[in-house]
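Heads up, the thing below is written out as structure tokens.
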Amino acid sequence: MSRFDSYFLMKEGDIPAYVEDQLPDYFGPGAKTTVKEIGDGNLNYVFRVVDQGNGKSIIVKQAGEQLRISAEMRISTDRNRIESEILMLQDRYAPGLVPKIFKYDTVMCACLMEDLSDHQLMRYALMEHKTFPRFAEDITTYMVNTLLNTTDAVMDHKAKKELVKSFINPELCEITEDLVYTEPYNDARGRNIVTPENLDFVKRELYGDRALHLEIAKLKFDFMNNAQALLHGDLHTGSIFVRPDSTKIFDPEFAFFGPMGYDVGNVVANLFFAWDSGDAAGNGAFCDWTLKTAAGVIDLFKQKFLVEYAKKAGDIMAKTPGFAEYYLDTIIADTAAGAGTELIRRTVGMAQVKDVTAIADRAKRVRAERINILCAKDLIMNRAGIKTGADFTAAFLRAVDAAGAAL
Ligand code: SR1
Ligand code: MG
């Protein structure tokens with residue numbers, strides 16, 4: 001019997017005994033550890049445990065029954081199992097690009113994982129206008145390897161269906177269906193957060209645009225029904241740790257089988273949010289880096305995808321000449337849509353991004369939000385014609401011009 005035999009929400013004081021219970025040899029006898037809760041996301045509790053003697057450390061991440069962002073929102077604590085299992089799988093597909101899971105525990109809904117405190121959360125690093133030359137290379141390797149390897153083009157179809165079953169994630173998918181694909185277009189639950197100076201703009205450009213609603217409805221049903229590959233599901237810059245020489249992607253608790261472009265598009269949109277922050281600070285060199293990197297993410301993803309596809313596709317029909325290019329074309333159109341929906345939902349929805357909300361100058365923030373919304377609509381409405389990295393950045397720069405005129 002241990003006091004960790006039934007679930008409760010742990011506090012800092014519970015953590016040393018919990019680590020000892022789960023991994024008795026990790027710190028060794030007599031270790032003096034300190035614990036700090038360092039969680040920064042909307043959902044979970046994250047404890048950093050450090051041995052004061054030798055500096056060895058570990059992270060304990062626990063899923064609470066209520067969300068941190070809203071006590072009224074409750075979702076299954078099974079998300080911790082999903083996150084742990086996908087990280088172990090991704091460690092095989094993309095070694096070195098995800099944190100190591102040492103153990104996960106379905107009773108306390110917690111996992112014990114590698115401490116990445118020598119890295120910085122990418123969103124905060126970008127808000128300091130730091131640049132990361134490895135990023136486009138690393139993130140595209142991660143995406144191509146984790147996504148392509150879990151498609152029907154590569155996997156045995158029955159094994160893939162087993163994997164689809166074990167990554168059914170209804171409650172977290174419902175959050176995305178509501179916060180990304182519904183509420184930004186109608187404020188159906190009154191949870192949107194709209195900057196007052198942009199209220200009329202949002203009413204006209206989002207709530208009142210019927211043609212946009214039709215495209216979002218199509219995208220929502222594709223998100224729910226296109227079990228294309230095992231997605232990270234929440235691939236924003238708050239789910240990425242960086243060092244100049246290293247990139248680690250974590251926090252895949254929204255993982256499920258969905259359209260690959262959702263992940264790729266999230267990365268691109270979050271680089272555009274970094275542009276907003278750099279632009280408000282007048283840092284042109286940083287802004288150039290964000291756009292160059294966004295374009296690089298698309299072009300490298302396409303290049304690596306075709307190389308890996310040629311090596312790995314096993315399905316006899318998937319090897320039909322022209323199919324790889326057709327398939328990739330649909331993924332890039334989905335990427336344009338994924339970037340667009342992320343740009344919109346982080347600008348007017350309940351879960352926003354600090355890159356934009358921290359812009360202190362009111363007029364600059366209003367302008368940034370308009371750029372995001374106009375770029376998003378261009379990407380969504382014209383997604384079939386968006387093919388290259390340069391097409392993405394051209395859409396963004398068109399929005400910069402258009403938003404300037406709108407102020
Ligand atoms: C209620 S959770 C809000 C958002 O936080 C997560 O990181 C996801 O992006 C989700 O949409
Ligand atoms: Mg998260």
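Indexing begins at 1, ligand by ligand and atom by atom, following the structure's order.
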Around atom 5 (O) of ligand 1, find the nearest protein heavy atom and jot down its residue, atom name and distance. N42 ND2, 2.7 Å
Does E253 bring an N, O or S atom to under 2.8 Å of the Mg ion (ligand 2)? no
Should the proximity of E253 to ligand 1, defined as any heavy atom under 4.0 Å, be assigned to the side chain, the backbone, both, or neither? neither
Distance-only polar pair, side chains of T34 and Q52, donor-acceptor under 3.5 Å: yes
May I ask you to identify, for H236, whether its side chain, its backbone, both or neither come under 4.0 Å of ligand 1 on a heavy-atom basis? side chain
So do the side chains of K292 and D288 get within less than 4.5 Å of each other, counting heavy atoms only? no
Please identify which atoms of ligand 1 are closer than 4.0 Å to at least one heavy atom of F254. 6 (C), 8 (C), 10 (C)
List every atom of ligand 1 that sits less than 4.0 Å from any heavy atom of A351, numbering the atoms from 1 in the order shown and giving each element. 3 (C), 4 (C)
For ligand 1, indicate whether the residue T176 contacts it via side chain, backbone, both or neither (heavy-atom separation under 4.0 Å). neither
For the Mg ion (ligand 2), the nearest N/O/S atom on D251 is atom OD2
Is it the side chain (CB and beyond), the backbone, both or neither of L43 that lies under 4.0 Å from ligand 1, heavy atoms counted? side chain
Does the distance from a Lys or Arg side-chain N to an Asp or Glu carboxylate O, for R48 and D115, drop under 4.0 Å? yes
More than 12 foreign heavy atoms under 6.0 Å from CZ of F221: is that the case here? no
Decide, yes or no, whether a salt bridge links R191 with E183 under the criterion of side-chain N to carboxylate O below 4.0 Å. yes
Atom indices of ligand 1 within 4.0 angstrom of L67 heavy atoms, with elements: 1 (C)
Can you list the atoms of ligand 1 that are under 4.0 Å from a heavy atom of R345? 9 (O), 10 (C), 11 (O)
Less than 4.0 Å between a side-chain N and a carboxylate O, is that true for D276 and K364? no
Geometric cation-pi criterion R68 and Y45, 6.0 Å radius, 45° cone: yes
Atoms of ligand 1 less than 4.0 Å from R346 heavy atoms? 9 (O)
How long is the gap from OG on S84 to CZ on R79, to the nearest 0.5 Å? 11.5 Å
Which ligand 1 atoms, with their elements, are less than 4.0 angstrom from a heavy-atom of D234? 6 (C), 7 (O), 8 (C), 9 (O)
Going by atom types alone, do D152 and H157 pair a side-chain donor with an acceptor below 3.5 Å? yes
